[in-house]
Structures are given as structure tokens and as C-alpha cells.
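Just so we're on the same page: letters track the sequence lines, and every chain starts at 1.
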Amino acid sequence: MEAQNTFKKIRTLVAKIPKGKVATYGDIARLAGITDARVVGWAIRGNTDPKIPCQRVVKADGSVAENYGAADWREQKSRLLSEGVSFKAQKRVDLEKHRLIQNF
DNA sequence: AAAGTGACGCATT
DNA sequence: TAATGCGCCACTT
């Protein structure tokens, strides 16, 4: 509860992801000032608020997190599709096409 | 300060 | 593409 600073940054960054775009845990972590991608997951997990578009956060290979709280990955898929994000597979989004950060 | 835990990342198989 | 194993780093207790 002390490290809210880091979590808050992460949540803020996630909330800044534009509609129709996705970002990887690693990228967000870097933007938050850390090097570990897992921390990003905890930050969202502890605050599964409707304002946090955690559906736009995917793994480095574009696959969605299976442990999307109580909802399934299908939930994210539906939301992402509604935003215009294409899927290459049932669990993978088109990272090359919708990745927020490509040049790194 | 040390150990335990983890919504990951990457290299191999 | 999928599955497995190892490693890294930050957070909690």
C-alpha cells in the first residue's frame, strides 16, 4: 500500500492508452519507470475499475492475459473488437497493427 | 534485511 | 503456434 506511487503511474498510463490501441506489459512498465512487466499486472489487478482499460494491456507477444480477473479473455476480445482492434488468433491481438509503442 | 510471490519476457524445444 | 523452463524485478510481510 506504500508503493501506490508506482501502481498509480501504471494505472495512469494504462488509462492513457488510446481507443483502438494496445500496449504490452513490458512497455507500460518501462513507461512507469520500472523494468518488470509483472508489476504492471498487479497494479491493474488490485484496481479492476471500469475506468482502467486493462483489456488494452496484452503480453509481449500480443496474447491477452488469461487471468483477466473473474472475466475470461473472451471478455477482452469483445471489448477490443468493439474498439477496432483486430485479432490474429483467439487469444492474440494484432500487435504490429495496434501496438501503442512500436519504436523502442 | 530476507524470503516469498507473481494478470511477464525470452530462449528452447 | 504452443508448451516448458529459467530469469528478472518490484511489492508484501
What integer distance in Å separates [X]:[atom1] from [N]:[atom2]?
X	N	atom1	atom2	result
Ile10(A)	dC11(C)	CD1	C1'	10 Å
Lys91(A)	dA2(C)	NZ	P	8 Å
Arg56(A)	dA7(B)	CZ	C1'	17 Å
Lys59(A)	dC8(C)	NZ	P	20 Å
Ile44(A)	dC8(B)	CD1	C1'	12 Å
Trp73(A)	dA2(C)	CH2	P	11 Å
Ile101(A)	dG9(B)	CD1	C1'	16 Å
Ile28(A)	dG9(B)	CD1	C1'	14 Å

Practice item. Quick one: label Ala65(A) by what it contacts on the DNA or RNA (base, sugar-phosphate, nothing), any heavy atom closer than 4.0 Å. Key: base
Review point. Heavy-atom contacts under 4.0 Å between residues 11-26 of chain A and DNA chain B, which residues?
Key: Tyr25(A), Gly26(A)
For [X], enumerate each residue passing the side-chain contact (heavy atoms from CB on, under 4.5 Å) test, keeping only those at least two apart in sequence or located in another chain.
X	answer
Trp73(A)	Val64(A), Lys77(A), Gln90(A), Lys91(A)
Asp61(A)	Lys59(A), Ser63(A), Arg92(A)
Arg79(A)	Gln55(A), Tyr68(A), Glu75(A)
Lys88(A)	Asp94(A)

Pick out the pairs of N or O atoms, protein on one side and nucleotides 3-6 of chain B on the other, that lie under 3.5 Å.
from, atom 1, to, atom 2, distance (Å)
dG6(B), N1, Arg38(A), NH1, 3.2
dG6(B), N2, Asp36(A), OD2, 3.4
dG6(B), N3, Arg38(A), NH1, 3.4

Review point. Minimum heavy-atom separation for Ile10(A) to Ala32(A), with atom names?
Key: CG1-CB, 3.6 Å
Practice item. State, to 0.1 Å, how close Val39(A) and Phe7(A) come at their nearest heavy-atom pair, and which atoms those are. Key: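 Reported closest heavy-atom pair: CG1-CE2, 3.7 Å.
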Point to revise | Given DNA chain C, 5'-ward residue of the pair Ala89(A) and Thr35(A), judged by closest heavy atom | key: Ala89(A)
Table please: side-chain donor-acceptor pairs of residues 16-23 of chain A below 3.5 Å, with sequence neighbours left out.
none

Point to revise | Residue list, side-chain hydrogen bond (donor to acceptor under 3.5 Å, both in side chains) with Ser82(A), at least two apart or on another chain | key: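 Partners of Ser82(A) by the side-chain hydrogen bond (donor to acceptor under 3.5 Å, both in side chains) criterion come out as none, since no residue qualifies.
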Review point. Excluding sequence neighbours, so at least two apart, what forms salt bridge (Lys or Arg N to Asp or Glu O under 4.0 Å) with Arg99(A)?
Key: Asp27(A)
